[in-house]
Amino acid sequence: DTGVSQDPRHKITKRGQNVTFRCDPISEHNRLYWYRQTLGQGPEFLTYFQNEAQLEKSRLLSDRFSAERPKGSFSTLEIQRTEQGDSAMYLCASSPRTRPNEQFFGPGTRLTVL
Amino acid sequence: LAKTTQPISMDSYEGQEVNITCSHNNIATNDYITWYQQFPSQGPRFIIQGYKTKVTNEVASLFIPADRKSSTLSLPRVSLSDTAVYYCLVVGLISSGSARQLTFGSGTQLTVLP
């Protein structure tokens, strides 16, 4: 399968804990995006990488959120000191160099903060 | 940033053509218009993108008037499986190295009835 994969699919954590999500984009897609989606709302853009460079991170919700893509392949999104308001679906997408606006989304990671 | 506005919901019957319009009054010169489909518990799926006039692919058509302040997604002969949320998204030129508008609106819930 050559789709975008995300791990884990579900995460339950207690308030105050740190969580890390992984995204594996489609091979050779140079752009990678992270979004958050809450129930009944559209995806909310968080950050964007072109290869290993993080070109847009102003939309990250707070300094508790950080993302990396160290080798320009997979990416991680970390949330420190989780809060109940962080409960949401976290989506990753990638797009190819030749069609940068055509994003391919993964299945998402559902985070529940108790 | 281009803000998008769509109808919250639409109903249609199988076999009919469905047109969903999105308003994006402050679209910038270099912005593209993209549309996505999302089923429950899945990531969005790219449908079509356009810049001006009309674009058609195997699943949909996209009509964009000359002023580009709105766009209309046209789905021919819908079936029950087309029941989903449809989002328009205005995207700045990603190749510029800076992600501009990458925020989805609340989307349009399309329900196809038998």
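Chain naming here is simple, since letters A, B, ... match the order of the sequence lines and numbering starts at 1 in each.
- Checking each of B:Ser74, B:Ser61, B:Ser12 against B:Asn19 for a side-chain hydrogen bond (donor to acceptor under 3.5 Å, both in side chains) leaves exactly one that passes, namely B:Ser74.
- Neither the backbone nor the side chain of A:Phe104 comes within contact range of chain B; no heavy atoms are under 4.5 Å apart.
- Proximity of A:Arg69 to A:Trp34: side-chain heavy atoms (C-beta onward) are nowhere separated by under 4.5 Å.
- Contacts of B:Gln109 with chain A are absent, with no heavy-atom separation under 4.5 Å from either backbone or side chain.
- No part of A:Gln6 comes within reach of chain B, as not one of its non-hydrogen atoms sits under 4.5 angstrom from that chain.
- Here B:Pro44 is the residue among B:Gly43, B:Ser106, B:Ser41, B:Pro44 with the most heavy-atom pairs under 4.5 Å with chain A.
- Side chain of A:Arg15 to backbone of A:Glu83: no donor-acceptor contact under 3.5 angstrom is found.
- A salt bridge does not link B:Glu14 to B:Arg77: none of the charged nitrogens lies less than 4.0 Å from a carboxylate oxygen.
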